[in-house]
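Following: one structure in structure tokens, then a few remarks.
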2 protein chains.
Amino acid sequence: MTNHTYRMEKQLLLLGLIRQRSRHGYEMVDYIETALASCVDLKKPTAYFLLDKMTATGWLTQTDQREGNRPSKRVYELTPQGEDEFQRLLQENLATFNDATFPGDIGVIFADALPRAEALELLARRRAALIARQTEVQAAPPHPGVLQWTVEHVRCHLTADLGWLDNVINDLSKRGE
Amino acid sequence: MTNHTYRMEKQLLLLGLIRQRSRHGYEMVDYIETALASCVDLKKPTAYFLLDKMTATGWLTQTDQREGNRPSKRVYELTPQGEDEFQRLLQENLATFNDATFPGDIGVIFADALPRAEALELLARRRAALIARQTEVQAAPPHPGVLQWTVEHVRCHLTADLGWLDNVINDLSKRGE
DNA sequence: TTTTCCATGTAACTCGTTACATGATTTC
DNA sequence: GAAATCATGTAACGAGTTACATGGAAAA
């Protein structure tokens with residue numbers, strides 16, 4: 001019964017946003033890409049597809065609204081079944097721990113295939129990108145309410161990652177001395 | 001020219017393993033699933049597909065070997081072009097920083113849709129899963145050579161994640177007091 | 001003797017993306 | 001008048017998975 005795809009998270013997110021107040025697709029995608037990019041990566045076609053699907057399933061209702069002369073919006077609201085599904089997905093999401101994978105480790109594994117100086121220079125570039133991301137996060141204005149948690153999450157993982165990377169760089173530069 | 005898909009990592013990994021010594025598909029998939037699961041998630045059909053593709057592209061050569069009465073193995077070796085491609089992919093991988101996404105944060109964002117006690121209980125389950133993973137990593141026998149870095153990476157991210165999660169649980173339980 | 005392991009593969013499917021199409025409206 | 005923004009969608013493709021098929025050999 002439980003549908004263990006990563007699509008779950010995206011559905012949960014859309015349902016949750018609509019649950020807060022009725023919204024239309026464009027608005028949600030925009031919000032997600034700016035404020036929630038650290039949580040999920042949800043593109044327009046996926047969003048529209050999921051909204052259509054969830055409407056067909058009976059979790060959402062559509063209403064076309066046109067304000068002034070703007071293009072008409074397709075505004076969504078939660079049905080009782082939608083609320084049930086939201087609760088189910090929320091419970092599962094809260095109780096589940098997702099562990100990450102680290103594709104960047106593959107390069108580290110084979111680093112000794114390169115001259116040490118070159119490997120260290122490339123890792124220095126990786127480090128610079130990490131730092132850039134870190135200052136970007138640090139510079140971001142404080143997010144309202146619970147959203148601050150997501151910022152905090154990114155921040156703490158970047159710190160951990162930097163510590164690990166510095167260890168790797170250190171070990172590599174000291175090897176064979 | 002640069003092909004920015006996540007398939008890159010998988011190709012780099014296969015090329016790197018074959019570069020160390022000639023290997024066959026089954027062997028590599030087995031090794032990846034046991035020793036390198038924290039880096040990439042590579043399933044059999046994907047591996048066989050990529051090995052075929054890279055052979056067709058001219059990065060690998062195949063040789064069928066049969067030891068004793070065992071089913072014959074398709075053993076791969078790197079061509080000069082394969083070595084070039086390996087170098088290219090390795091350089092790109094080492095210089096690139098991948099930031100993670102946290103789908104588990106979505107639940108946290110909507111946690112106040114649940115009675116606080118229930119939310120806390122669900123997060124406690126998530127925490128338990130994290131701890132279980134942590135002890136599993138701690139209990140693992142020391143990995144040889146550079147592989148220890150990947151273990152260390154997982155370990156340090158689990159620690160960071162636990163710290164963050166405890167903060168969330170703490171904040172949530174203290175709210176409105 | 002049945003199950004597990006070794007070893008390779010294929011077909012169908014799901015998920016998600018990119019790139020495109022449409023059209024009005026506001027801003028430069 | 002051109003470009004960016006608001007708003008919705010489709011078609012084609014890419015990546016990867018599950019489930020299946022095959023067949024021999026070793027272990028239980």
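None of these values were measured; they are calculated from a predicted model.
Remark: the backbone N or O of B:His24 is paired with a side-chain donor or acceptor of B:Glu27 at under 3.5 angstrom. In this structure, A:His157 contributes its side chain and A:Arg155 its backbone to no donor-acceptor pair below 3.5 Å. The main-chain N or O of A:Pro103 is found under 3.5 Å from a side-chain atom of B:Asn93 such that the two form a donor-acceptor pair.
Following rounding to the nearest Å, A:Glu33 (CD) and D:dT5 (P) show an atom-to-atom distance of 13 Å. Atom C1' of nucleotide D:dG24 and atom CD of B:Gln65 are separated by 18 Å, given to the nearest angstrom. In this structure, A:Gln62 atom CD and D:dA7 atom C1' are separated by 14 Å, rounded to whole Å. Remark: P of C:dT14 and CD of A:Gln11 are 14 Å apart, rounded to the nearest angstrom. Protein atom NZ of B:Lys73 is 14 Å distant from nucleotide atom P of D:dA25, rounded to whole Å. As rounded to whole Å, 10 Å separates atom C1' of C:dT14 from atom NZ of A:Lys53. Spacing between atom CG of B:Asp52 and atom P of D:dG16 amounts to 16 Å, rounded to whole angstrom units. For B:Asp41 and C:dC15, the CG to C1' distance is 15 Å, given to the nearest whole Å.
Distances shorter than 4.0 Å separate some side-chain N or O of B:Lys10 from OP1 or OP2 on D:dG16. In this structure, A:Arg74 does not reach the D:dT8 phosphate: none of its side-chain N or O atoms is under 4.0 Å from OP1 or OP2. Between C:dT14 and A:Arg7, no contact under 4.0 Å exists linking OP1 or OP2 to a side-chain N or O. Look at B:Tyr26 and you won't find any side-chain N or O under 4.0 angstrom from OP1 or OP2 of C:dT8.
B:Val29 and B:Tyr31 are assigned to two separate hydrophobic clusters, defined by single-linkage of ILVMFWY side chains at heavy-atom distances under 4.5 Å.
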Determine whether A:Glu83 and A:Gln87 satisfy the following criterion, side chain to side chain donor-acceptor pair (under 3.5 Å), listing intermediate values before the conclusion.
CA-CA 6 Å; A:Glu83 173 68 23; A:Gln87 296 274 334; 2.9 Å; yes
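A side-chain contact (heavy atoms from CB on, under 4.5 Å) with B:Leu60 holds for exactly one of B:Leu50, B:Asp52, B:Leu15, B:Thr79; it is B:Leu15.
Across all strands shown, B:Asp30 has no heavy atoms under 4.0 Å from either base or sugar-phosphate atoms.
Within residues 42-51 of chain A, the residues that have a heavy atom under 4.0 Å from DNA chain D are, in order of number, A:Lys44, A:Pro45, A:Tyr48.
Every residue two or more places apart in sequence or in another chain was checked for a salt bridge (charged side-chain N to carboxylate O under 4.0 Å, His left out) with B:Glu33, and none qualifies.
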